[in-house]
Amino acid sequence: MKLRRKVYMVAGYNTISMGSGRKEFHPKKPRPGLEEYMKEAGQGVLKQIGGAQNVDECVVGNFIAARYNKQGNMAGFFPFIDEGLKYKPAIRVEGACGSGALALAAGIRSVLAETAEVTLVIGVEVQNSVKAVYGADILAAAGWAKERKEGHVHFFPGKFSDRAGAYYEKFGYDKTRHGMATWFKNAVENARLCPTAQEYHNTTEDLMAVGMTKPNGRSFVDNLNVFDCSKVSDGASGIAIMSEEGLKRCGIDLKDAVEVVGMGQAENDLTAAPADLTKLDTTAVAVKKAFESAGVTKDDIATVECHDCFSIAGIMAIEAIGYAEHGKGAEFVSEGHSSRQGKVPFNTTGGLCGWGHPTGATGVHQAVTIWEQLTGKAGDAQINIPADKPYGLTINMGGDDKTLVSIVYKKN
Amino acid sequence: MNYDEKFENVTVLGAAGKMGSGILLLTSMEMFDISVKPENKDKQFTLYALDISQKALSGLVKYVRGQLVKAAEKKLNVLRGVYAHRADLIDNADIINEYVFDVMSLIRPVTTLESAYESHIVFEAASENPDLKVKMFSQINQNSKVEPWFFTNTSSIPIGYLNKEANLGGRVLGVHFYNPPVVQKLVEVIKSDETKPELGELATQFIKNLRKIEVPSYDFAGFIGNGHFMRDALYGMSKLEQLKSEMSFAEAVYCVNKVSQDFMIRPMGIFQLIDYVGIDVCQFIMKVMDGYVNDETIHSPLLDTMMEINVKGGQNFDGSQKDGFIKYEKGRIAAYWDLDKKAYVPADEIAAKCDAYLGELPAGHTPWKAIVRNKAKNEVLSAYFNAMKETDNNGSKLALAYLKKSKDIGLKLVSDKVAYTPEDVNTVLLTGFFHAFGPINDFIN
Ligand SMILES: NC(=O)c1ccc[n+]([C@@H]2O[C@H](COP(=O)([O-])OP(=O)(O)OC[C@H]3O[C@@H](n4cnc5c(N)ncnc54)[C@H](O)[C@@H]3O)[C@@H](O)[C@H]2O)c1
């Protein structure tokens with residue numbers, strides 16, 4: 001994809017990723033709903049861009065509020081965020097856990113199409129409305145419905161457990177488990193630096209020890225322990241996508257914006273089983289497209305936000321990008337290359353395992369994190385962005401490597 | 001007739017009670033598991049839930065339904081397999097609903113004893129009244145054509161007595177669940193001299209399938225659990241009487257309760273436990289036990305007084321604790337009963353004075369919650385009790401004497417032939433009372 005016009009992202013905002021692990025979270029107490037989350041994130045963005053009158057179009061990414069919250073027609077919440085958005089064009093997009101980045105893609109396309117100079121993009125999901133065993137049914141919609149019957153109680157952990165099992169078999173359990181545990185440790189350590197992260201309050205001392213817990217198929221799934229999995233989260237993230245004219249209209253300084261320099265989108269057949277359980281093929285295609293679109297290589301990237309819905313998916317993403325050969329991803333992690341001090345810091349505010357995974361919000365949250373890092377707004381979680389590597393990369397995935405959006409961002 | 005066949009028709013007597021409702025639930029789940037075996041596909045399974053009040057039975061149905069949902073949520077791995085052949089059941093939610101429906105379909109809530117005449121197995125958890133139990137057993141036994149097996153949950157009535165009075169020909173066994181049966185792992189099994197061994201075999205299989213722990217006990221009123229608990233409670237109350245000469249009644253309750261909980265590292269203090277079980281229940285069990293022991297008196301005038309003034313403890317229908325020796329707010333201790341003032345005294349009015357009287361907890365004290373999970377608990381406990389022996393304060397002295405008494409009670413249960421072995425006594429206290437260590441130990445000599 002060739003970008004025919006300059007596109008920027010600015011004014012990111014994340015709500016807290018709410019759920020077990022947060023001190024404020026009580027499963028039985030009433031909590032904010034979808035609309036409150038959208039309002040918080042939306043107003044958080046509008047405040048930074050001079051208000052609703054500067055917005056031309058709105059996009060919301062959400063996976064499945066129709067079942068979690070019995071809510072459809074989500075675009076109708078934009079005027080609820082701010083009266084100034086009343087009568088403006090708005091759409092909702094869906095691509096399972098990739099809904100957030102699909103919303104970004106839609107917003108980018110609007111700016112490229114010159115139907116908008118300023119697009120307000122929000123991702124949102126509120127999942128603590130049901131217990132996890134019922135949530136598993138809802139999330140299973142990210143796969144092919146005809147496979148649900150044969151699937152595991154926890155459908156998606158079951159899918160990635162199969163992937164992890166194949167990976168253990170091919171490349172060895174011990175070193176893979178060590179890599180997965182290290183992934184978990186990095187995730188929590190990064191989350192502890194980010195006040196909105198779900199694991200921000202995590203006080204576990206020996207993270208490696210819990211990460212090494214041997215999976216138990218009787219109580220959960222065969223090849224993953226619970227620390228390998230992102231948790232159930234409520235949250236929303238928002239960001240504005242703008243043209244140069246949009247930046248001017250909103251009075252935004254270039255240094256407070258990141259440029260979107262490349263995007264790769266790829267879709268795979270929902271009814272087809274993965275060709276190789278140990279690889280994320282579609283992810284590899286999307287990243288390749290993104291790099292080509294941006295005219296950069298993996299070596300130009302200062303930091304990556306990848307879709308670690310499960311620790312094993314983080315490891316496979318490393319291989320899909322090409323930082324490690326097939327089968328060497330776990331060692332790459334164990335050796336510290338993906339940690340915040342490593343060669344390429346991954347998921348610097350915790351990623352899905354650490355920050356949280358409000359499914360429809362995740363893609364937008366990733367963009368917000370890259371925007372923060374490249375503009376020096378990441379607070380305690382800030383990493384150094386080397387002058388010769390002014391780029392960031394996001395990978396957002398819907399389903400089991402089915403709906404992929406990868407974006408390359410450049411510091412101004 | 002094999003195990004599965006016996007379970008084709010079962011009655012739970014007193015099914016709406018505290019124990020009966022749990023036993024009914026567990027039995028219904030076990031019967032479901034049996035009924036879905038391929039070889040039992042065409043058989044009919046029926047479970048009568050028998051109690052006297054329709055209202056209580058309606059409450060029971062609600063309780064069972066709620067518990068089944070929770071149970072199903074926890075064993076979905078298995079249930080997805082059980083319903084694999086049902087193409088229409090796809091989501092976890094579909095499977096949970098179907099399971100609940102299928103188990104509930106086994107249950108027939110009834111109020112007339114005639115229903116039990118068809119049953120091969122009768123689980124009995126009716127009120128602890130020997131005449132009532134004998135009457136029900138005889139009536140069923142006389143009218144039944146299938147020679148039913150009776151499994152009684154009695155806490156204090158000897159099994160041999162029920163066998164003889166109801167003329168059951170050895171078809172009765174004590175299967176003594178703990179409260180609440182759904183949670184508690186321990187089941188005491190009591191054979192009388194006449195009990196037929198087949199009943200024991202079925203009980204063993206049943207208890208194993210429920211993933212519970214079986215401990216055998218001789219047929220002696222109170223069995224092991226209450227045999228220890230009632231004497232332990234009497235000792236606690238004797239200490240209360242003794243301390244009353246030095247302090248107020250409420251303060252003495254506070255001190256004995258604290259010694260028996262914190263100093264002795266138990267899950268709750270003795271007065272909280274008496275309240276939990278119910279002062280009425282304790283009084284009743286003591287009365288029954290007292291009729292069978294000759295060398296000691298199992299009776300507490302204090303409990304009689306408490307009953308007279310209607311301070312009874314026990315639990316509300318929702319499982320919350322009623323006030324007894326102690327007053328509870330949201331499950332926490334708020335105040336202590338003062339018999340002389342006939343009123344509760346708030347904990348914070350007396351705590352400082354009592355704590356000063358008892359003194360500090362000995363070095364190395366670890367709260368009960370932490371110690372039960374500690375793999376090296378024996379070393380930790382040994383060091384703690386050694387420190388206790390070196391600690392010169394009232395709390396430590398009271399605790400050491402109490403622990404010694406608890407051990408003596410345990411040993412006497414073995415020598416009196418209530419328990420078969422010291423290990424059985426310890427298992428009962430560990431699993432039925434959640435103690436962190438058995439009463440028969442080497443910490444105290
Ligand atoms: N509560 C405990 O902690 C505990 C523990 C172990 C054993 N037990 C024993 O379990 C038995 C039941 O105790 P509980 O605490 O559940 O008592 P409960 O009072 O809660 O239940 C007794 C039930 O029996 C019913 N009942 C009374 N007369 C009946 C009749 N004629 N026909 C049918 N049902 C009748 C009552 O309606 C009530 O529902 C007793 O033998 C008791 O000793 C109790």
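Reckoned from all heavy atoms, side chains included, excluding hydrogens, waters and symmetry mates.
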Report summary line: Most heavy-atom pairs under 4.5 Å with chain B, out of A:H152, A:H154, A:E150, belong to A:H152
Query - Atom NZ of B:K208 with >12 non-hydrogen neighbours under 6.0 angstrom - result: no
**Report entry** A:E169, CD atom: more than 12 neighbouring heavy atoms under 6.0 Å
**Finding:** no
Requested in this report: Verify the neighbour count for atom NZ of B:K75: are there more than 12 heavy atoms of other residues, nucleotides or ligands below 6.0 Å?
Outcome: yes
Report summary line: Cut-off 4.5 Å, heavy atoms of chain B, and the answer for A:F155 is neither
Query - B:K37 atom NZ: more than 12 heavy-atom contacts under 6.0 Å - result: yes
Query raised in the report: Just by distance, do the side chain of B:N77 and the backbone of A:S219 share a donor-acceptor pair under 3.5 Å?
Result: no
Query raised in the report: Backbone N or O of B:A93 within a donor-acceptor pair of the A:D137 side chain at under 3.5 Å?
Result: yes
Query raised in the report: Got more than 12 heavy atoms from elsewhere within 6.0 Å of CZ, B:F101?
Result: no
Report task. For B:N92 and A:V133, indicate whether the former's side chain and the latter's backbone hold a donor-acceptor pair under 3.5 Å. Result -> yes
Query raised in the report: Side chain, backbone, both or neither: which part of B:I96 has a heavy atom under 4.5 Å from chain A?
Result: side chain
Requested in this report: Please confirm whether the backbone N or O of B:D91 pairs with a side-chain atom of A:K149, one donor and one acceptor, at under 3.5 Å?
Outcome: no
